[in-house]
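Please read all numbers here as calculations on a predicted model, not as lab measurements. As the structure lists them, so they are numbered: ligands from 1, and atoms in each ligand from 1. Any value given below was found using the heavy atoms of this structure, including those in side chains, with hydrogens, waters and symmetry copies removed.
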Amino acid sequence: MEWLLSMPKVELHAHLNGSIRDSTILELARLLGEKGVIVFSDVEHVIMKNDRSLHEVFKLFDLIHILTTDHKTVTRITKEVVEDFASENVVYLELRTTPKRNDSIGMSKRSYMEAVVEGLRAVSAVDIDFAPHNTDGNPVNDMITNDICNGTTRKKIYVRLLLSIDRRETTEAAMETVKLALEMRDFGVLGIDLSGNPIVGEWSTFLPALEFAREQGLQITLHCGEVPNKEEINSMLDFLPQRVGHACFFQEEEWKKLKSSKIPVEICLTSNIRTNTIASIDIHHFANLYTEKHPLVLCTDDSGVFSTTLSKEYHLAASTFGLGKCEMFQLAKTAVGFIFADDGVKQDLEGIFDLAAKKLD
Ligand code: 6MZ
């Protein structure tokens with residue numbers, strides 16, 4: 001476990017509100033309990049429960065959103081989540097979150113995202129790079145890189161953002177999210193994710209917004225096949241997103257399509273087992289994809305909700321599928337090829353891995 005912890009890693013599928021520390025969630029719940037907004041004893045066991053069905057996970061997200069959806073808290077959790085990933089040597093994090101509107105507290109999707117960016121600015125335990133760079137190597141927006149480069153061996157993390165469309169949303173709401181993503185490109189927003197309860201919503205509702213996003217040059221990743229839905233899975237694969245998440249309920253035809261299109265898969269082992277979308281770890285499709293050298297990346301999904309870390313996901317893969325140090329290192333390194341950030345960031349990350357490889361020998 002120690003070497004997996006110290007190895008550089010790339011996280012490409014992490015939902016902000018799913019990655020909150022238990023201690024923070026409990027603190028926020030206690031606070032709202034004291035204010036009489038919720039009954040703490042009613043929610044404590046919901047938060048601390050370990051085994052949840054997919055359905056229960058989405059009920060938990062509704063509760064988490066009650067606890068976290070104000071600007072100050074969004075800023076706080078963003079800072080904490082980034083620092084937690086950096087502390088286990090995640091060197092590049094693509095953090096996704098659903099911009100939320102809450103008129104009662106004056107929150108718009110934009111102000112929600114500004115609170116997220118504020119959280120990135122507030123990161124202090126590590127150096128952070130979260131702004132895209134010009135061709136001259138300088139950040140597009142000087143104000144937003146608090147890279148405290150002081151020559152010491154402080155950890156450094158690159159963070160980029162994806163905006164999620166929740167499957168409960170309308171076409172108009174999805175379009176609003178895409179437009180916001182376009183406006184916030186200088187703040188490190190690279191693309192769009194489609195997520196949310198997979199039994200809710202229709203692909204045709206989101207397609208216009210996703211097509212617009214693609215036309216405008218945003219990159220796209222889709223939660224695909226989290227429940228059995230042959231028609232939707234096929235439509236999603238035909239859309240040719242840059243990546244897909246999960247891919248649990250694929251049948252032969254869909255595997256063929258995925259493999260011939262070489263779309264990288266974001267694999268979330270613990271999440272799939274906890275939510276029972278895969279019956280047991282030994283039959284997880286990771287094994288087949290890995291053996292066939294299909295592009296894949298290990299991810300946490302919701303490190304808070306599923307009590308995991310990226311190092312634990314690597315450990316789980318290594319111990320279940322019998323992979324050694326070199327194979328795991330190689331797996332982590334190949335993920336650099338699937339990031340949405342530009343070639344400059346890719347080169348930096350390759351340099352980090354090359355340096356780490358020397359220590360590995
Ligand atoms: C689908 C998921 C998910 O966006 O509020 N989310 N969507 N499948 C999953 N697998 C278990 N895990 C998380 O983070 C929480 C939101 O991310 C999506 C859901 O829409 C959830 O409400 P944000 O930061």
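- In terms of polar-atom proximity, N197 is not counted as a contact of ligand 1, lacking any N or O under 3.5 Å from an N or O of the ligand.
- For atom 12 (N) of ligand 1, the nearest protein heavy atom (residue, atom name, distance) is D302 OD2, 2.7 Å.
- In summary, the aromatic rings of H15 and H223 are positioned with their centroids under 6.0 Å apart.
- Annotation: G196 places an N or O atom under 3.5 Å from an N or O atom of ligand 1; distance criterion only.
- Ring geometry, H285 versus W255: the interplanar angle falls from 30° to 60°, so the pair is classed tilted.
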What verdict does the side-chain contact (heavy atoms from CB on, under 4.5 Å) test give for F306 and V57, after you've listed the backbone C-alpha separation in whole Å, the side-chain angles of each residue and the deciding distance to 0.1 Å?
CA-CA 9 Å; F306 299 123; V57 164; 3.9 Å; yes
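- The shortest N or O to N or O distance between N17 and ligand 1 is below 3.5 Å.
- Between T275 and ligand 1, no N or O atom pair is found at a separation short of 3.5 Å.
- Within the 3.5 Å criterion, the main-chain N or O of I64 finds a donor-acceptor partner in the side chain of T68.
- Few gaps surround NZ on K230; more than 12 heavy atoms of other groups in view lie less than 6.0 Å from it.
- From the protein, the heavy atom lying nearest to atom 24 (O) of ligand 1 is T97 OG1, 2.6 Å.
- Protein heavy atom at the shortest distance from atom 10 (N) of ligand 1 is E226 OE2, 2.9 Å.
- When the options H15, H65, R167 are ranked by their closest heavy atom to atom 5 (O) of ligand 1, first place goes to H65.
- Among V74, T78, V227, T98, the residue whose heavy atom lies nearest to atom 4 (O) of ligand 1 is T98.
- Aromatic ring centroids of F286 and F321 lie under 6.0 Å apart.
- For ligand 1, one of its N or O atoms has an N or O atom of K100 under 3.5 Å away.
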